[in-house]
There are 2 protein chains.
Amino acid sequence: MKFSAQEEYGLRCLLRIAKESPDDGLTIPEISAAEGLTQANVAKLLRILRMGGFIDSSRGQTGGYKLAKKPEEILIAPVLSALGGRLFESSFCFDHSGVDSICTHSIDCSVRSLWRAVQNAVDAVTMKLTLRDMMNSEEQVQSVVTPLVETIN
Amino acid sequence: MKFSAQEEYGLRCLLRIAKESPDDGLTIPEISAAEGLTQANVAKLLRILRMGGFIDSSRGQTGGYKLAKKPEEILIAPVLSALGGRLFESSFCFDHSGVDSICTHSIDCSVRSLWRAVQNAVDAVTMKLTLRDMMNSEEQVQSVVTPLVETIN
DNA sequence: ACGAATCTTTACAAAAAAGTCAAGATTGAT
DNA sequence: ATCAATCTTGACTTTTTTGTAAAGATTCGT
């Protein structure tokens, strides 16, 4: 169970843009240097983020990347979803219409309950987390995590 | 963010053994047929589970696989860990000694707080889930998820 | 002892994911 | 107009993950 490279690095790039230069924008070389990724790789990741509507780009001498919306309007879950394909894909257990759909694989889908429990938990966390939350201290993030209960109970 | 194939299928095999035949044990062909996986693939997965100490195997005409311990003594988290490599590996952000270790990658590790929050959530779920819980109804699983709060707060 | 049924291991092949490269298109400053 | 700085795209290579194949070793019942 882990985050894909695209999810991790893509999110890093997005956060970097949000933190470093909300007005002027950042260039690929700048992000590349800051995050220790190659320029080609950063370009690939930013393309995904742009097509997902999270960032805007401009070309030319003063070009670069900016957030497409205010940080507090960007949710983590859709970002991860755009970067990593489906959130919580479980190839055989669920078809792609949702957790409750019918299992097409084994006679009784014994893994479903675990998947559902974990999905609930992570979903609750990511859905509540906005970029702005992440840019602040960890204490604040902890408090953002608390409302988790609302979703579980 | 997803479970690897090994995690999913390996866990399926383990659950199958736990449910179907706690006393006699199950053979590779039986598990293969029940889960719709090839025998070669099942053999590979069971090898991992055996080396992790979750199941015992015996050869010969009456051979097969059984749980190595009582179902209620087997935790899900170590099983997933054995199957999928590291639980919640985040290649650059953390080294492998733990969540709190120093980030060796970017100047400030802005993704850490998200990773930690998600890890806490999932960890809390999986750690509380035993095989026996999973073998019962989903209602029970939901109640297992509730204690999540204890970990977060 | 024999043989059938089973697990065991190693090496290999196929598929997916991740990352790189190179050529092109656009823009703004001068 | 020109140039340098920037983004854009598609094809390619490498690495990792996943799955397959085949030959071998062990055990139990007869």
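In what follows, chains carry the letters A, B, and so on, assigned in the order in which the sequence lines appear, proteins first and then strands, with residues in each chain numbered from 1. Below, each value reflects all heavy atoms present in this structure, side chains not excepted, and no hydrogens, waters or symmetry copies.
Contact check, A:S57 against D:dT8: a side-chain N or O comes under 4.0 Å of OP1 or OP2. For C:dT9, one of the phosphate oxygens OP1 or OP2 lies less than 4.0 angstrom from a side-chain nitrogen or oxygen of B:R47. For the pair A:K2 and D:dT17, the criterion of a side-chain N or O lying under 4.0 Å from OP1 or OP2 is met.
Residue A:L26 contributes atom CG, which lies 18 Å from atom P of D:dA5 at whole-angstrom precision. A:E30 has its CD atom 14 Å from the C1' atom of D:dC7, to the nearest Å. The CZ atom of A:R50 sits 7 Å away from the C1' atom of D:dT8 (whole-angstrom rounding). Rounded to whole Å, atom P of C:dT8 lies 14 Å from atom CD of B:Q39. Spacing between atom NZ of B:K44 and atom P of C:dA13 amounts to 14 Å, rounded to whole angstrom units. Atom pair A:Y65:OH and D:dT6:P shows a separation of 12 Å (rounding to whole Å applied). The CD-P distance, from A:E35 to C:dG19, rounds to 13 Å in whole Å. Residue B:Q61 contributes atom CD, which lies 10 Å from atom P of D:dC28 at whole-angstrom precision.
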Discussion item. Apply side chain to side chain contact (heavy atoms under 4.5 Å, CB included) to residues A:I48 and A:Q6 and explain how you reach the verdict.
Written reply: CA-CA 10 Å; A:I48 297 171; A:Q6 279 201 167; 3.6 Å; yes

Discussion item. One pair to check against side chain to side chain contact (heavy atoms under 4.5 Å, CB included): B:L67 and B:D56. What are the steps and the verdict?
Written reply: CA-CA 6 Å; B:L67 293 188; B:D56 286 333; over 6 Å; no

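Looking at which nucleotide of DNA chain D each of B:N41 and A:G64 is closest to, the 5′-most match is held by A:G64.
Each of C:dC7, C:dG19, D:dG29 was ranked by its minimum atom distance to the side chain of B:T62; first place goes to D:dG29. Out of C:dG19, D:dG19, C:dT6, the shortest distance to the side chain of B:T27 is found at C:dT6.
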